[in-house]
2 protein chains.
Amino acid sequence: MEPFTPRQNAVLECALQLLVAGGERALTTAGLARAANCSKESLYKWFGDRDGLLAAMITYQASKVRTPGPRDSMPTLDDFSRSLAVFAEDLMGVLAGEVSLALNRLAIGQADRDGAQLGALVREHGRLPIETRARALLELGRRHGYLKFSDTHEAYETLYGLVVRDSHVRMLLGEPPAGLSDDRPQRARLAISQFFRLYGHGAQDIE
Amino acid sequence: MEPFTPRQNAVLECALQLLVAGGERALTTAGLARAANCSKESLYKWFGDRDGLLAAMITYQASKVRTPGPRDSMPTLDDFSRSLAVFAEDLMGVLAGEVSLALNRLAIGQADRDGAQLGALVREHGRLPIETRARALLELGRRHGYLKFSDTHEAYETLYGLVVRDSHVRMLLGEPPAGLSDDRPQRARLAISQFFRLYGHGAQDIE
DNA sequence: AAATTCGTGTACCGTACGGTACGGTTCCGA
DNA sequence: TCGGAACCGTACCGTACGGTACACGAATTT
């Protein structure tokens with residue numbers, strides 16, 4: 001089930017390190033072979049070509065992240081609200097991670113090549129797990145009567161927008177992390193508070 | 001005051017076209033010289049080097065966009081709400097534009113080089129004008145009693161998040177425009193409606 | 001022990017691209 | 001009419017990088 005051998009994982013880890021340190025230009029096959037103490041021929045044997053290597057880096061990184069499924073017992077409203085806040089902080093933390101930023105930059109920079117295959121990989125392995133986890137959480141809240149919405153997708157997108165705002169793109173553009181981590185828990189609380197005012201128990205339907 | 005001559009503007013326009021059509025790889029100095037019927041020597045004379053050319057493309061594109069200052073007369077709440085919706089639709093339209101996407105991809109892809117100078121240019125010439133226009137609009141609404149907030153920046157970021165959500169990054173990653181333009185006015189209305197429920201006249205303070 | 005497999009290290013090739021140099025042409029001002 | 005500036009087209013250079021080939025060593029198999 002593991003798509004890569006431990007040796008290949010080590011090489012991919014090294015590749016991620018190079019990418020984070022110096023961007024895409026620093027990730028050359030010769031440089032990776034030197035840094036990882038392997039041969040270029042092995043790289044091409046394992047990953048096909050450079051694009052295959054980049055794709056492998058994304059799937060490998062995704063394989064490292066485990067999304068904790070929430071245990072279904074969520075009695076009090078306070079617990080549920082706290083779970084939402086944890087999700088919000090996790091989301092901000094993931095998006096602000098340097099490996100995530102580097103891979104997103106890589107995929108965005110290559111979005112014109114090959115029909116955005118890297119972008120599709122990032123969406124599938126990076127964003128989709130987050131979304132499914134969040135949707136499960138939201139529907140759990142609705143089942144317990146803490147939330148009120150008809151369109152789960154709309155509720156999720158609203159939550160995402162309230163939490164992330166445009167900070168992700170700003171970080172991708174290289175904005176120094178001055179306003180990025182300014183009190184992440186504080187920002188999470190604000191976002192969750194706003195979300196509850198839109199989709200909380202007592203909220204009215206829209207339109 | 002115009003930083004470039006008409007001839008140089010024409011060349012930059014051609015460069016943008018190349019960038020949109022084929023991504024960064026398609027934007028070579030030789031290719032641009034051929035497409036724009038100019039010599040490589042002129043390119044280097046005008047823009048210094050390739051990075052100077054990229055920077056010039058961003059400032060040139062920014063110079064094309066004029067941000068309509070709202071006339072200060074904004075009597076009814078309905079007018080103001082409509083102005084917010086117009087802003088929201090404009091924002092979505094700009095971010096979904098292929099030139100904007102191409103330039104953002106370019107700046108993000110180069111965010112590791114030279115301290116993210118291109119990213120800084122995009123933020124300064126692309127995002128800042130939008131933000132100032134929106135802040136003026138928001139404060140106008142507050143002055144007329146339609147909105148209620150203490151932190152303009154927070155209100156603006158919330159509005160941005162409600163309108164854009166994560167669609168910008170998804171588009172940057174190359175997601176096909178299936179869900180992007182799905183009834184843009186509808187999405188704008190929803191976002192503005194949500195925004196009014198958070199910062200509208202009768203809204204309570206947060207926390 | 002021989003052979004097969006796997007991987008390293010290195011050398012090599014082709015090419016694409018950034019940047020420079022130069023000859024020829026057009027245009028404009030003196 | 002002359003001189004110079006600007007610019008085009010092209011040819012050229014150096015280099016960096018993706019990809020391939022090959023020789024040698026180590027481990028595993030038979």
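Letters A, B, ... are given to chains in the order of the sequence lines, protein chains preceding strands, and every chain is numbered from 1.
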Nucleotide [N], atom [atom2] - distance to [atom1] of [X] in whole Å:
X	N	atom1	atom2	result
Leu18(A)	dC17(D)	CG	C1'	15 Å
Arg25(A)	dG18(D)	CZ	P	11 Å
Glu24(B)	dC17(C)	CD	C1'	12 Å
Tyr44(B)	dC13(D)	OH	P	17 Å
Arg34(A)	dC17(D)	CZ	P	9 Å

Open item on the list: Checking Tyr199(A) against Gln194(B): is there a side-chain donor and acceptor pair closer than 3.5 Å?
Closed with: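 Result is yes, a qualifying pair exists.
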[X] side-chain N/O to [Y] backbone N/O, donor-acceptor pair under 3.5 Å:
X	Y	answer
Arg187(A)	Val163(A)	yes
Ser193(B)	Arg189(B)	no
Arg142(A)	Phe149(A)	yes

TODO: Taking the side chain as every heavy atom from C-beta outward, state whether Asp166(A) and Val164(B) have any pair of such atoms under 4.5 Å apart.
DONE: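 No, side chains not in contact.
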TODO: Please report the shortest heavy-atom distance between Glu89(A) and Ala188(A), naming the atom on each side.
DONE: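 Glu89(A) and Ala188(A) have their closest heavy atoms at CG-CB, 3.6 Å.
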Kindly give the atom pairs (protein nitrogen or oxygen, nucleotide nitrogen or oxygen) under 3.5 Å for nucleotides 6-10 of chain C.
residue	atom	partner	partner atom	Å
dT8(C)	OP1	Arg7(A)	NE	3.3
dT8(C)	OP1	Arg7(A)	NH2	2.5
dT8(C)	OP2	Ser39(A)	N	3.3
dT8(C)	OP2	Ser42(A)	OG	2.5
dG9(C)	O6	Glu41(A)	OE1	3.1

TODO: Decide if atom NZ of Lys45(A) counts as having more than 12 heavy atoms of other residues, nucleotides or ligands within a radius under 6.0 Å.
DONE: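 It does not: Lys45(A) NZ has 12 such atoms or fewer within range.
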Open item on the list: Could you check whether atom CZ of Arg7(A) has more than 12 heavy atoms from other residues, nucleotides or ligands sitting under 6.0 Å from it?
Closed with: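 Above 12, so yes.
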- [ ] May I ask you to list the residues of residues 47-61 of chain B, by number, that have any heavy atom positioned under 4.0 Å from an atom of DNA chain C?
- [x]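 Those residues are Asp49(B), Arg50(B).
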